[in-house]
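Comments concern the structure below.
Because only heavy atoms are used, hydrogens play no part in the values below, and waters and symmetry mates are left out as well, while side chains stay in. Just so it is clear, the structure is predicted and the values come from calculations on it, not from any experiment.
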Amino acid sequence: MDETTRHTIVLAIIGVLILVGVPALVLYLRRRKREKLRRRGIKRYGH
């Protein structure tokens, strides 16, 4: 395997991780925010 192929594979893996990771992180942070508000007594947040 030559250097350019290896580089392309590394970039592809990083790209996939970013594509999967960013939406997952956004959902996780949104859920935490909702839970915090719910604990404070705001029941219907985000509806």
Side-chain angles (χ1 to χ4, degrees):
M1 201 187 300
D2 58 350
E3 198 63 37
T4 53
T5 311
R6 191 177 295 152
H7 193 69
T8 307
I9 290 171
V10 168
L11 286 176
I13 291 170
I14 291 171
V16 168
L17 286 175
I18 289 172
L19 281 173
V20 172
V22 169
L25 187 66
V26 168
L27 288 172
Y28 173 71
L29 290 174
R30 203 179 285 166
R31 189 177 303 141
R32 282 194 55 191
K33 186 176 179 184
R34 194 165 48 212
E35 281 178 11
K36 266 191 223 165
L37 287 172
R38 192 181 294 146
R39 285 201 191 108
R40 271 194 235 142
I42 301 166
K43 293 280 186 250
R44 293 178 61 85
Y45 174 73
H47 292 285

Study note, to complete from the structure: Here the gap from I13 atom CD1 to I18 atom CD1, rounded to the nearest 0.5 Å, amounts to 12.5 Å

Practice item. Say whether V26 and L17 are linked into one hydrophobic cluster, either directly or through other cluster members, by side-chain heavy-atom distances under 4.5 angstrom. Key: no

Practice item. Calculate, to the nearest 0.5 Å, the distance between atoms CZ and CG belonging to R32 and L37 respectively. Key: 12.0 Å

Check your understanding: Linking I/L/V/M/F/W/Y whenever any side-chain heavy atoms sit under 4.5 Å apart, do V22 and I14 land together?
Key -> yes

